[in-house]
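Notes for the one structure printed next.
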Amino acid sequence: MLQSEMRTGIFRLLMSAAYIFVTALLLLAAPISGTTTFLVAPLIAVIVLLSCIVVAQIWSNQLRPVLYFFCFYFLYGLLVPSIYQLSMNKFPWPSFVVYNELLIAQACGVVVASVVAGLIGYRIGMPRDSEKVQAASAPKTNALPSLAVLAVLSVAAAAICLAAFGPGVLFESRGEASAEMRANKVGFEGYFLSVARAMAITFLTVALVALRFHWNKNRGPYLWMVAIALGVAFFVNFPLSLARFQLLGFLLAVLLAVDSRVFRAIVTFSFVGPVLGYIAAPLIDQLTRTTRSRLDLELPELATYMTHGDVDGFQSVMNAIHYVHTEGLQWGYHLFSSILFWVPRGLWWDKAAPVGQIASAKAGYYFTNISMPLPGELFSDFGYLGVVMGMLLLGAVAGRLDKAYDSFVSSKESTSITLMPILAIVLSAYLIILLRGSLQAVISIPFVAVVTAAIWWWSIPRDRAVPTYRPSFRTRM
């Protein structure tokens, strides 16, 4: 026993050292000069803080996927690229906005405040071990009837998409599918494809959770449900036809629902994450957008990719500040429009466009299909107070969801199928793209997935007696 613990400790020490080495190497490769040191110093401090949290997760036996992906986005999707861009004074998009030291300092303040507020909210929202995340009233165990209904709806939605859009939109590359939809003048009805994809992902996720619950008793029907869900999910979520965030969310949702040991492996080998991220993201983009030979791929240099449009978050935050300076605060107009994304513009003619699109247009971009990190979204609506309060709320929700997920996968006994772990899986899977934004452009699939999961769970009848089932797949290392 002692030898096993020593081997585990040594292994985690090596993995922590590898992670620190990779992150430090990324920072050392940035051409930081004396004139930019004071600008990037607060960002480096936040990088150190988030890196410490990642290392703590490598050593911890608790599974906190929402916190992990929160740290991952801010570290490698926003902060590290911003160090390169500020050091080289080169940003992804040409703009007539003068990114002076005052504007850069304000953007640094927004980013730092959002991270700190999110972490404080997480600590506040994380229940103590003695607290119950969800009241246990009467248990819910018989999920089969509601799963069957969800299966019928998912299959029907997939069939409608095939009839409405044709196999080309479903199975061609993303670039070819987009061109075909534009040629066929597909407008708001294109959202139905997102609905079908979200329903299929939710069906697969809840089927896997239900199978986990019933693994030692009556697993047969749930295995069939998982098989059907896999077929439907890959039918409407063909990897080459998906945007990268949709593909990432789909894969993460499946991996987190199948077995939490997969997430444990992701955390343990955290040093691989940024390496794969900076290599895989540009390659997948070329693979899904181009009609060239699938082998004709180019990998950009690190410094070049750090000023690519994929990592334009810091510039977008500066554009959001410039947008507020010129137009004033929007007082929830953009957030409200994002939540009501499903309302057609024909019924709501003055619904706001995505913040990234408006802010980039104000900055004079020639291309305005631009992301906007969540801190920039909150700032454009409510200013600094909105950034702090919004991230506090997000952190508090994340804390409760992480506690629910860890309790679900590590408990020896479970007496009821609960909703919170399912919501934790969905939010974790799509958190990176929700943080990257623009919210109105990316909210459709996670929003529909959450609503579908909630309706499914509420439709499960409560039991009269309390059974005792043992969930499968013991997960602690």
Side-chain angles (χ1 to χ4, degrees), residues 8-32 36-87 107-123 126 252 263-281 302-303 305-306 310-311 313-314 317 373-375 391 394-395 398-399 402 406 428 431-432 435-436 477:
T8 300
I10 293 173
F11 179 70
R12 289 181 175 178
L13 180 63
L14 292 174
M15 293 299 99
S16 300
Y19 170 76
I20 294 171
F21 174 77
V22 170
T23 303
L25 195 62
L26 287 171
L27 291 178
L28 291 173
I32 301 175
T36 58
T37 301
F38 79 98
L39 292 175
V40 302
L43 302 181
I44 293 177
V46 175
I47 290 175
V48 172
L49 172 63
L50 295 178
S51 298
C52 290
I53 294 174
V54 172
V55 171
Q57 290 195 66
I58 294 175
W59 284 88
S60 175
N61 289 326
Q62 294 180 325
L63 301 176
R64 299 178 175 179
V66 184
L67 176 62
Y68 181 80
F69 292 117
F70 175 91
C71 294
F72 191 91
Y73 167 73
F74 275 102
L75 275 169
Y76 305 110
L78 186 58
L79 291 168
V80 171
S82 68
I83 300 295
Y84 280 78
Q85 293 163 19
L86 292 173
S87 300
C108 289
V110 169
V111 173
V112 172
S114 65
V115 173
V116 173
L119 295 177
I120 292 174
Y122 186 89
R123 185 66 186 90
M126 173 63 68
L252 286 178
F263 175 66
R264 165 56 63 194
I266 292 174
V267 173
T268 302
F269 295 94
S270 290
F271 72 93
V272 179
V275 177
L276 286 180
Y278 294 137
I279 292 176
L302 179 63
Y305 186 66
M306 287 299 184
D310 286 349
V311 286
F314 192 80
V317 172
L374 185 58
M391 297 305 292
L394 175 63
D402 269 353
D406 183 67
S428 300
L431 183 62
I432 290 177
L435 289 172
R436 182 176 184 263
M477 295 182 64

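- Among all heavy-atom pairs drawn from Ser87 and Pro31, the shortest one is CB-O, 3.4 Å.
- Expressed to the nearest 0.5 Å, how far CG of Leu14 lies from CD1 of Ile58 amounts to 11.0 Å.
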Worksheet item: Stepwise, does the side chain to side chain contact (heavy atoms under 4.5 Å, CB included) test hold for Leu435 with Leu78?
Response: CA-CA 10 Å; Leu435 289 172; Leu78 186 58; over 6 Å; no

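- Every residue two or more places apart in sequence or in another chain that forms a ring pair (Phe, Tyr, Trp, His ring centres under 6.0 Å) with Phe269 is listed here: Phe11.
- Residues passing the side-chain contact (heavy atoms from CB on, under 4.5 Å) test with Val311, sequence neighbours excluded: Pro81, Gln85.
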For residues 110-121, dump all side-chain donor-acceptor pairs below 3.5 Å to protein atoms at least two apart in sequence or in another chain.
unit_1 : atom_1 : unit_2 : atom_2 : d
Ser114 : OG     : Val110 : O      : 3.3
Ser114 : OG     : Val111 : O      : 2.6

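- In plain terms, the two heavy atoms of Ile432 and Phe72 that are nearest each other are CD1-CD2, 4.1 Å.
- If you take CG on Leu27 and CD1 on Ile47, they are separated by 5.0 Å, rounding to the nearest 0.5 Å.
- Considering only residues two or more places apart in sequence or on other chains, Ala398 meets the side-chain contact (heavy atoms from CB on, under 4.5 Å) condition with Val66, Tyr122.
- Scored by the side-chain hydrogen bond (donor to acceptor under 3.5 Å, both in side chains) test, Thr23 finds Tyr76 as partners (sequence neighbours excluded).
- Residues forming a ring pair (Phe, Tyr, Trp, His ring centres under 6.0 Å) with Tyr68 (at least two apart in sequence, or on another chain): Phe263.
- Within the 4.5 Å cutoff, the side chain of Ile83 has no heavy atoms near those of the Met306 side chain.
- Shown here for Leu63 and Arg264, the closest heavy-atom pair between the two residues is CD2-NH2, 3.4 Å.
- With values rounded to the nearest 0.5 angstrom, Phe69 atom CZ is found 13.0 Å from Leu75 atom CG.
- Under the ring pair (Phe, Tyr, Trp, His ring centres under 6.0 Å) criterion, Phe70 pairs with Phe74, not counting sequence neighbours.
- The side-chain hydrogen bond (donor to acceptor under 3.5 Å, both in side chains) check on Ser82 picks up nothing, with sequence neighbours excluded.
- To the nearest 0.5 angstrom, Thr8 atom OG1 is 9.0 Å from Asn61 atom CG.
- Atom-to-atom distance recorded for Leu67:CG and Arg123:CZ is 11.5 Å, nearest 0.5 angstrom.
- The side chain to side chain donor-acceptor pair (under 3.5 Å) analysis of residues 43-59, with sequence neighbours excluded, yields the pairs Ser16-Trp59.
- Residues Leu50 and Val54 are not in side-chain contact: their nearest non-hydrogen atoms beyond the backbone lie 4.5 Å or more apart.
- Listed by chain and number, the residues in a ring pair (Phe, Tyr, Trp, His ring centres under 6.0 Å) with Tyr19 amount to none (sequence neighbours excluded).
- In this structure, Val80 and Tyr278 have side chains that are in contact, with non-hydrogen atoms separated by less than 4.5 Å.
- Residues passing the side-chain hydrogen bond (donor to acceptor under 3.5 Å, both in side chains) test with Arg64, sequence neighbours excluded: Gln62.
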